[in-house]
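Written below as structure tokens is the structure these notes are about.
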Amino acid sequence: MTPPDLRAFLPTPRKSWADVSDADWNDWNWQLRNRPTTLRQIEARLQLSPTERLGITEAAVRKLAVAMPPYFFNLIDGADPACPIRRQVVPRQEEMDYAAHEMADPCGEDKDMVAPGLVHRYPDRVLFLVTDRCAAYCRYCTRSRIVSGVGEQELEVDFEEALAYLRGHPEVRDVLLSGGDPLLFSDAKLEALLRRLREIPHIEIVRLGSRVPIFLPQRITPALCAMLRQFHPLWINVHVNHPRELTAEVRDALGRLADAGIPMGNQSVLLKGVNDDAETLRILFQKLIRARVRPYYLYQCDLIQGTSHLRVPVARGIELMRELRGHTTGFAVPQYVVDGPGGGGKIPLNPDYVIARDGERLLLRNYEGELYEYIDKAEPSDRNGKPKPAPLHRHEELPVG
Ligand SMILES: *Cc1c(COP(=O)(O)O)cnc(C)c1O
Ligand code: SF4
């Protein structure tokens, strides 16, 4: 049975920060300044296991820093060594075990960089890495090599060169700001960047990828929302992996963004011991749509070095999708994807619902496993004078030559 509180948007307890004033607690800069980042600071508030202590003294020093705003730190259940919040943000020694098939840059972003910080892989859209800082660091981060400032590489960003590239490439109609986390910029800095992007006429939409509404909901101030709404159409994708991250504070922060007219999506990563069961995912996705966020992608964990302990087999991921599709609101079900290693882009992974094909007869399986036959007699479209290629099974019937 699921504990009933997973569905509830609960306020986060203050715990050992109980004596902090409301003004400080609700100030996002106070939250950032007071992040525990060292073994001593973390251990003072959380009993660590031997592997976590080594993770903090080794992985967090050489690979990816550890940091959590007090607000998010308090979501960790100190009594539960398997706490799903803890697994996402507290380093472990296993992070230093690199499997042969794991990589530093699993998505091949560096090779598609057209200007420092700007990744142009798809025909009509770009990924713009604008900063290497986040409010907290996810232990499976695909950009561990460049975020947090302790990894093997430094992120170089050249705003002038990137903007010049965008001005010179009219095919780019969609710019995705990510990093690191663009919502860690001050309002003024982010506004200046958005204004310069909006001056480029062929950029139709701007998107922000951010986990700040989840790690640091205090950042989502009315002033930020008023600033952002000047730049519509502006979309935001957040990153939530477990229903407990959707607290009362997060629901209210997401509500302010939704009220500013910003359509929101969510990207989750399928993680062992965090969200690799159908019930947790269903509650997560249903809670997201209650917070007006549409589940967008569920990522297979990238082959980032030192993440074997968090990875779930693809077959299990597909099975989980089968347990969701049809069993809940259609738009609560995200697309399961894997980022093609080396730079293939997102590749959908789906359960197979077409069981067999025999001439015009398609044998389909529904969400309950029942079989249905569909007669596929329609002719291919010849709109625009360009007939679409006929389905494979009709080829023999087409006139030859
Ligand atoms: C994910 C990604 C995008 C955006 O992809 P969508 O499927 O449109 O969300 C764009 N560029 C790069 C390099 C990406 O990794
Ligand atoms: S918020 Fe995003 S960029 Fe930052 S550490 Fe987490 S996954 Fe990486």
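Reckoned from all heavy atoms, side chains included, excluding hydrogens, waters and symmetry mates. Remember, predicted model here, so these are calculated numbers, not experimental data.
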Which residue, L228, V130, L257, forms the side-chain contact (heavy atoms from CB on, under 4.5 Å) with L208?
L228

Measure across P182 and T131 and return the closest heavy-atom pair with its distance rounded to 0.1 Å.
N-CG2, 4.1 Å

CG-CD1 distance between D352 and I318, expressed to the nearest 0.5 angstrom
9.0 Å

Verify, without hydrogens or angle tests, whether R121 (side chain) and G108 (backbone) share a donor-acceptor contact under 3.5 angstrom.
yes

Pairwise side-chain contact, P341 with M103, heavy-atom cut-off 4.5 Å (strictly under)
yes

Between F72 and I214, the two heavy atoms sitting closest are CD1-O, 3.8 Å

Does any donor atom in the side chain of R219 or Q31 lie under 3.5 Å from an acceptor atom in the other side chain?
no

In terms of side-chain geometry, is the basic nitrogen of R33 or D24 positioned less than 4.0 Å from the acidic oxygen of its partner?
no

For residues 73-93, which residue pairs pass the ring-ring contact (aromatic ring centres under 6.0 Å, His included) check, not counting sequence neighbours?
W17-F73

Would a distance-only check, ignoring hydrogens and angles, find a side-chain to backbone donor-acceptor pair under 3.5 Å from R290 to R7?
yes

Nearest heavy-atom neighbours spanning D187 and M227:
O-CE, 3.6 Å

Distance-only polar pair, side chains of R45 and S16, donor-acceptor under 3.5 Å:
yes

Would you give me the side-chain donor-acceptor pairs under 3.5 Å for residues 268-278, sequence neighbours excluded?
unit_1: S268; atom_1: OG; unit_2: V240; atom_2: O; d: 2.6
unit_1: S268; atom_1: OG; unit_2: N266; atom_2: ND2; d: 2.9
unit_1: N275; atom_1: OD1; unit_2: L271; atom_2: N; d: 2.8
unit_1: N275; atom_1: ND2; unit_2: N241; atom_2: O; d: 3.1
unit_1: N275; atom_1: ND2; unit_2: V269; atom_2: O; d: 2.9
unit_1: D276; atom_1: OD1; unit_2: G273; atom_2: N; d: 3.1
unit_1: D277; atom_1: OD1; unit_2: T280; atom_2: OG1; d: 2.7
unit_1: D277; atom_1: OD2; unit_2: E279; atom_2: N; d: 3.4
unit_1: D277; atom_1: OD2; unit_2: T280; atom_2: N; d: 2.9
unit_1: D277; atom_1: OD2; unit_2: T280; atom_2: OG1; d: 2.9

In terms of heavy-atom contacts, R198 and I205 come closest through NH2-CA, 4.0 Å

Donor-acceptor pair, side chain of T57 and main chain of R53, under 3.5 angstrom:
yes

Among pairs that include at least one residue of residues 220-247, which meet salt bridge (Lys or Arg N to Asp or Glu O under 4.0 Å), considering only residues two or more places apart or in two chains?
R211-E245

Return yes if some donor-acceptor pair links the side-chain N/O of D181 with the main-chain N/O of V212 below 3.5 Å, else return no.
yes

Mind checking what makes salt bridge (Lys or Arg N to Asp or Glu O under 4.0 Å) contact with D252, not counting sequence neighbours?
none

The reported gap from CG in D124 to CD in E171 (rounded to nearest 0.5 angstrom) is 9.0 Å

Quick test of your reading: applying ring-ring contact (aromatic ring centres under 6.0 Å, His included), list the pairs with at least one residue in residues 309-364, sequence neighbours left out, ordered by first then second residue.
H327-Y367

Lys/Arg-Asp/Glu bridge criterion (N-O < 4.0 Å) met for D22, R14
yes

Taken in chain and number order and not counting sequence neighbours, the residues that satisfy side chain to side chain donor-acceptor pair (under 3.5 Å) with R256 are none

Measure across L197 and I203 and return the closest heavy-atom pair with its distance rounded to 0.1 Å.
O-CD1, 3.9 Å

Measure from the side-chain N and O atoms of E191 to the backbone N and O of S186, and report whether any donor-acceptor pair falls under 3.5 Å.
no

Sequence neighbours excluded - ring-ring contact (aromatic ring centres under 6.0 Å, His included) pairs with any residue from residues 97-123:
H120-Y165

Salt bridge or not between E319 and R322? Use side-chain N to carboxylate O under 4.0 Å.
yes

Pair E204 + R125, salt bridge at N-O below 4.0 Å
no

CG/L349 to NZ/K346 distance, rounded to the nearest 0.5 angstrom?
13.0 Å

To check you understand the geometry: which heavy-atom pair defines the closest contact between P334 and M321, and what is its length?
O-CE, 3.1 Å

Between CG on residue L48 and CG on residue L39, distance to nearest 0.5 Å
6.5 Å

Within this structure, what is the OH-OG distance for the pair Y137 and S148, rounded to the nearest 0.5 Å?
5.5 Å

The criterion is salt bridge (Lys or Arg N to Asp or Glu O under 4.0 Å); which residues satisfy it with E152, sequence neighbours excluded?
none

How many angstroms lie between OG1 in T307 and OH in Y140, if you round to the nearest 0.5 Å?
11.0 Å

Listed pairs under 3.5 Å, donor-acceptor, residues 62-71 side chains, sequence neighbours left out:
unit_1: K63; atom_1: NZ; unit_2: E95; atom_2: O; d: 3.4
unit_1: K63; atom_1: NZ; unit_2: Q305; atom_2: O; d: 2.8
unit_1: Y71; atom_1: OH; unit_2: T247; atom_2: OG1; d: 2.6

Contacts of F159 meeting ring pair (Phe, Tyr, Trp, His ring centres under 6.0 Å) (sequence neighbours excluded), chain-then-number -> F128

If you draw a 6.0 Å radius around CD in Q47, do more than 12 non-hydrogen atoms from other residues or ligands fall strictly inside?
no

With sequence neighbours left out, the residues meeting salt bridge (Lys or Arg N to Asp or Glu O under 4.0 Å) with R86 are E52

Residue pairs meeting salt bridge (Lys or Arg N to Asp or Glu O under 4.0 Å), one or both in residues 97-106, sequence neighbours left out, come to E102-R311, D105-R145

Any donor-acceptor pair under 3.5 Å from Q41 side chain to T37 backbone
yes

Please check: side-chain N/O of N366 versus main-chain N/O of E368, any donor-acceptor pairing under 3.5 Å?
yes

Using modelled atom types only, decide if a donor and an acceptor are shared between the side chain of K287 and the backbone of A8 within a distance under 3.5 Å.
yes

